[in-house]
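The analysis underlying the following values was restricted to heavy atoms, covering all of them including side chains, and did not include hydrogens, waters or symmetry mates. Counting begins at 1 with the first residue of the sequence.
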Amino acid sequence: MQEPDVFDMVIVGAGISGIGMAAHYAEKFPGKRYLLLDRREQPGGTWDLFRYPGVRSDSDMYTLGYKFAPWREDEAIVAGEKIVEYLRRVMDERNIGDHVRYGQHVLGADWDAAAGVWRLDIQQSGGAKADGASAQVAAKFLYMGTGYYDYDVPHDAAIPGLSTFKGQVIHPQFWPENLDYSGKQVVVIGSGATAVTLVPAMAGNAEHVTMLQRTPTWMAVQPAKDALANKLRRWLPEKWAYAINRKRMALLREFVFNRSRSKPAEMAELLTNGIRRQLGNAYVAEDFTPPYGPWEQRMCLVPDGDFFKAMRRGKASVVTGQIERIDESGVLLDDGRRLPADVIVTATGLKLAVLGKVAISMGGEPVNFAEHFQYRDCMFSNVPNFAAMFGYLNTSWTLRVDIVAEWLCRLLRQMDAWHMDVATPALPADHDLIEDQPFDLLSSGYLKRGRHLLPKSSTTAPWQMQMDYRTDRRELAAALIDDGWMAFTRLPRAARAADLAPVPALN
């Protein structure tokens, strides 16, 4: 049996996490072979998947962008297609495109301890192999940049009577191309970032858009263009301006989060006054006063107040209430109110999925990551040559991508210097670590529903996963590679993956 092609690094996922890792790896190891796999037909990950009207990030592009690739446009809060354009630019500048294979659905990865490689089983669903043919590659190090939710199955809110509705029912995760909702009554069920984005975007063409929520969400109005950031871009060299703006925005996000948690009443008053200024006499307290404090769940950003502009024009409204049932032509609430609808959008949340639902095993034995502790924000106890990315909940995802990629490159460079083949964060069974789950930081429904899937975290480094960017950056930069926990192994030369004759198995 011929061996599959062997790569020094295989990265799964061509979104923000995977492209970021590829960029760092390509720079630090120009002579090594790496491969970036994605099941979709183009890069972007989440930002390619979501195609609903107005899709955008709540994070500014100074922190959602990579530290090495300055953001060059005036708007800091941008639409999804702009994010994809930025990622494509990074791929072009770093020559990543030659290392990417699209239409490659990784089904499983098994650790072969004798050869020191991960063997990946792949279903080819695109390109020249669109017939679902299988393929294999081997990776000396495997990095999962697959995000944290299920691309195939969204959260089912089990809305009573939804199947009886005679109009169109749409989930934002699967938005139909060229959907015509002009002149129609639209009800968007939900109150999170997706709903807050959809309402103003659809209000331009729809007859009316109603956001139906069980409970309100905290909203913060922010200009889409950062005036100070744009001034610095004009006054200073590009790299200087970008570094200052990135640090400034990261500190601002940290301040807002910490202030929200330490002085919730003060922050609640500030946010409420901002909404009052937007709506004036149309402000209704029950529609904009959540039953929890600011940043106990994710706060929704409203760039340039577009959500409230749609309300002031009479094109959008907010209704707070419980659904009794949906009938053929609308939504009936339990207090007797009825919302007529031609289109219902179920923006009811996401479903968590660990590692893109790729079946990870070691020697044929499945790995349950909920039983493993995270190490240095990316690796896992007793799992060799393997890393995965889960970004921050309370600030931009990419901030962690950069610092983790830098640390991983340090680890790999040290392994090369010591001629080591395998690195395993070794945690004995009789450890005395105290668990402290960082994902409990927020009370969001999707985190509660998926809590049982998530890896463990301790109260102390290096087994602690935090939601504190500055602390993480400082600790990872100072962390010793040989810290007493990481176990290194040199394989017998006859078994080393580097000596396997590569046979191309992936077109």
Interatomic distance, OG@S381 vs CG@L433, rounded to 0.5 Å, equals 8.5 Å
Point-to-point distance, once rounded to the nearest 0.5 Å, from OG1 of T346 to CD of Q173 = 10.0 Å
Give, for atom NZ of K263 and atom CG of L270, the distance between the pair rounded to the nearest 0.5 Å.
-> 13.0 Å
Separation between CG of L228 and CE of M249, rounded to the nearest 0.5 Å = 9.5 Å
Where does the angle between the aromatic ring planes of F307 and F288 fall among parallel (under 30°), tilted (30 to 60°) and perpendicular (over 60°)?
-> perpendicular
Are side-chain heavy atoms of D377 and F390 found at a separation under 4.5 Å?
-> no
What distance separates S396 OG from R253 CZ, expressed to the nearest 0.5 Å?
-> 4.5 Å
Do H208 and V186 touch side chain to side chain, with heavy atoms closer than 4.5 Å?
-> no
Does any pair with a residue in residues 157-170 pass salt bridge (charged side-chain N to carboxylate O under 4.0 Å, His left out), and if so which ones, sequence neighbours excluded?
-> none
With a distance cut-off below 6.0 Å to the six-membered ring centre and an angular limit of 45° from the axis, does R246 pair with Y62 as a cation-pi contact?
-> no
Consider only side-chain N and O atoms of D38 and Q104, and report whether a donor and an acceptor are under 3.5 Å apart.
-> no
Answer with yes or no whether the side chains of D287 and T320 bring together a donor and an acceptor at under 3.5 Å.
-> yes
Is the backbone of L64 close enough, under 3.5 Å, to the side chain of T398 for a donor and an acceptor to pair up by distance?
-> yes
Note: R325-D334 ion pair, threshold 4.0 Å (strictly below) | no
Residue pair Q124 / R101, side-chain donor-acceptor N/O under 3.5 Å = no
Side-chain donor-acceptor contacts of residues 217-225 below 3.5 Å, not counting sequence neighbours, with atom names and distances?
unit_1	atom_1	unit_2	atom_2	d
T217	OG1	S191	O	2.8
T217	OG1	S191	OG	3.1
W218	NE1	Y292	O	2.8

4.5 Å side-chain heavy-atom contact, V383 and H372 = yes
Pairs satisfying side-chain hydrogen bond (donor to acceptor under 3.5 Å, both in side chains), at least one member in residues 78-87, at least two apart = E73-K82
Are a donor atom and an acceptor atom from the side chains of Y181 and D342 found within less than 3.5 Å of each other?
-> no
Atom CD of E371 and atom CZ of F373: how far apart are they, to the nearest 0.5 Å?
-> 11.5 Å
Would you please classify the geometry between the W111 ring and the W118 ring as parallel, tilted or perpendicular, with 30° and 60° separating the classes?
-> tilted
Between the main-chain N or O of I16 and the side-chain N or O of Y66, is there a donor-acceptor pair closer than 3.5 Å?
-> yes
Are any of the side-chain heavy atoms of R261 and W295 separated by less than 4.5 Å?
-> yes
